[in-house]
Amino acid sequence: MKVDADARQRLSAFLGAHEDSIVRQWTEMAARTLRGRLTNVELTRQVRDVFGALQGLLTADGDGQIAGAEAGESRAALAELSRAWARQGFTPSETASLVFTVKEVVLGLTEAGQGELATTDFLLLSLVVDDMGLFTFETYTKTRESVIADQTEQLLELSTPVVKLWDGVVAVPLVGTLDSARAQVVMEKLLQTLVDTGSAFAIVDITGVPAVDTQVAQHILKTVVAARLMGAECIISGIRPQIAQTVVALGIEFGDIVTKSNLSDALLHALRASGVEVVRRSGRDRAL
């Protein structure tokens, strides 16, 4: 899309002559759509930013395209708006509509006799605004993808805690499906905890893992091997009957890795292996 210099000059002059009226009506229309989620002062400021971006495209040396080399300031203003609205939870339609609304405002002014704008000039305005709206939508989408990726990474961190059960004993309670990305996070957190605590035993508890297939087993084995390279003995707990049958059917071998049916048995094994004597006291002994 290319807008000739004369048309851009006429559009810029029209918008500049009616700036206050356009911004006021533009803000009022946007406020009805947003239903009070932004203050009037904040919304007015953002509308003026978009208005400034539009004027910047019309007055800059270039062809009026948002992708042009001369449109850097306009792109920056629209990108900042898109990123802010994406992080605040506004929809992409709401974000793009804020830009498109100016066409309705300008059309209303001309129909009310508050200004004269040729049909061809309004068409050119529409093309420029559409270009801005598409840029805003694309920037919004990229920002949301980035936000979702960050949230996914944070959830992975939260879903793979490494806890200290005893001096020299740490555990990784796994819940849910173990894919490649999560397995990498588990391995990194476990190894770092082994370094930080100097633990000699690591328990990988899979009680919360719904199913174990070849891929999941490989991820677990890689974690165990990595821990062993750090000098820690690994114990796998939470081997339920259904998982045991699946492991046998798939021909998966855990080799010399110690496996236990539950976390308490695994902890007991680790304590005894580390030289801690565990004595079960009778009820009479506890009373005394």
Side-chain angles (χ1 to χ4, degrees), residues 1-34 37-110 114-115 117-118 120-147:
M1 177 209 60
K2 183 176 181 179
V3 182
D4 64 82
D6 291 339
R8 288 192 286 115
Q9 185 176 2
R10 291 194 301 271
L11 287 171
S12 178
F14 178 89
L15 294 175
H18 300 86
E19 178 177 350
D20 291 339
S21 180
I22 290 174
V23 170
R24 177 177 53 79
Q25 296 184 46
W26 193 349
T27 303
E28 291 174 354
M29 290 184 179
R32 289 195 293 269
T33 302
L34 300 178
R37 283 180 287 168
L38 285 177
T39 65
N40 189 68
V41 174
E42 187 175 7
L43 183 57
T44 300
R45 178 184 60 79
Q46 293 182 347
V47 167
R48 287 195 179 277
D49 289 343
V50 180
F51 183 88
L54 174 58
Q55 280 284 51
L57 286 176
L58 296 176
T59 57
D61 294 332
D63 53 13
Q65 295 188 57
I66 191 68
E70 299 80 8
E73 292 186 6
S74 296
R75 285 197 303 271
L78 294 174
E80 182 179 355
L81 171 72
S82 301
R83 287 192 286 265
W85 280 38
R87 294 190 178 100
Q88 292 176 34
F90 291 100
T91 67
S93 297
E94 290 171 336
T95 306
S97 293
L98 180 67
V99 178
F100 294 139
T101 300
V102 67
K103 294 191 290 184
E104 185 178 352
V105 173
V106 171
L107 181 61
L109 288 176
T110 57
Q114 299 181 33
L117 188 65
T120 53
D121 289 347
F122 182 81
L123 177 60
L124 294 176
L125 171 66
S126 181
L127 291 174
V128 173
V129 172
D130 288 348
D131 200 22
M132 292 171 58
L134 290 175
F135 174 80
T136 303
F137 187 88
E138 291 174 356
T139 306
Y140 176 98
T141 302
K142 292 177 181 178
T143 302
R144 286 301 299 169
E145 290 176 351
S146 176
V147 170

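None of these values were measured; they are calculated from a predicted model.
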Assess the residue pair R8 and V128 against the criterion (side-chain contact (heavy atoms from CB on, under 4.5 Å)); give the C-alpha distance rounded to whole Å, side-chain angles, the decisive distance to 0.1 Å, and a yes or no. CA-CA 10 Å; R8 288 192 286 115; V128 173; over 6 Å; no

Can R83 and K142 be said to form a side-chain contact (heavy atoms from CB on, under 4.5 Å), step by step? CA-CA 9 Å; R83 287 192 286 265; K142 292 177 181 178; over 6 Å; no

Test side-chain contact (heavy atoms from CB on, under 4.5 Å) on R45 and R48 and set out the steps. CA-CA 5 Å; R45 178 184 60 79; R48 287 195 179 277; 5.8 Å; no

Do L54 and L15 pass the side-chain contact (heavy atoms from CB on, under 4.5 Å) test, and can you show the C-alpha distance, the side-chain angles, and the key distance before you say yes or no? CA-CA 9 Å; L54 174 58; L15 294 175; 3.6 Å; yes

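Rounding to the nearest 0.5 angstrom, the gap separating the OG1 atom in T95 from the CD atom in Q88 is 9.5 Å. Note: L78 CG to D131 CG = 10.0 Å, rounded to the nearest 0.5 Å. Note: T101 OG1 to M29 CE = 7.5 Å, rounded to the nearest 0.5 Å. The distance from atom CG of L58 to atom CG of L125, rounded to the nearest 0.5 Å, is 7.5 Å. From E19, atom CD reaches atom CH2 of W26 across 10.5 Å, with rounding to the nearest 0.5 Å. In this structure, R144 CZ and Y140 OH are separated by 5.0 Å, a value rounded to the nearest 0.5 Å.
For F90, the ring pair (Phe, Tyr, Trp, His ring centres under 6.0 Å) partners are W85, not counting sequence neighbours. For T27, the side-chain contact (heavy atoms from CB on, under 4.5 Å) partners two or more places apart in sequence, or in a different chain, are V23, N40, L43, T44, V47. F51 meets the ring pair (Phe, Tyr, Trp, His ring centres under 6.0 Å) test with no other residue; sequence neighbours excluded. Every residue meeting the side-chain contact (heavy atoms from CB on, under 4.5 Å) condition with S21, not counting sequence neighbours, appears here in chain and number order: R24, Q25, L109, Q114. With sequence neighbours excluded, no residue forms a salt bridge (Lys or Arg N to Asp or Glu O under 4.0 Å) with E73.
In E80, the CD atom is not crowded: 12 or fewer heavy atoms of neighbouring residues, nucleotides or ligands sit closer than 6.0 Å.
Considering only heavy atoms from C-beta on, L11 comes within 4.5 Å of L124 through its side chain. Residues L98 and L81 form a side-chain contact, since some pair of their non-hydrogen atoms from C-beta on lies under 4.5 Å apart.
Sorted by first then second residue, the salt bridge (charged side-chain N to carboxylate O under 4.0 Å, His left out) pairs that include residues 93-107, not counting sequence neighbours, are R37-E94, K103-D130.
Side chain of T141 to main chain of F137: a donor-acceptor pair is present (N/O by atom type, distance under 3.5 Å, no hydrogens or angles). Remark: the backbone N or O of F135 is paired with a side-chain donor or acceptor of T139 at under 3.5 angstrom. With hydrogens and angles ignored, the 3.5 Å screen pairs no side-chain donor or acceptor of S12 with any backbone N or O of Q9. Looking at S82, its side chain does come within 3.5 Å of a backbone N or O of T136 through a donor-acceptor pair.
For the pair A53 and S74, the tightest heavy-atom approach, listed with the atom from each and the gap, is O-OG, 2.8 Å. Between A96 and G133 the shortest heavy-atom distance is CB-O, 4.3 Å.
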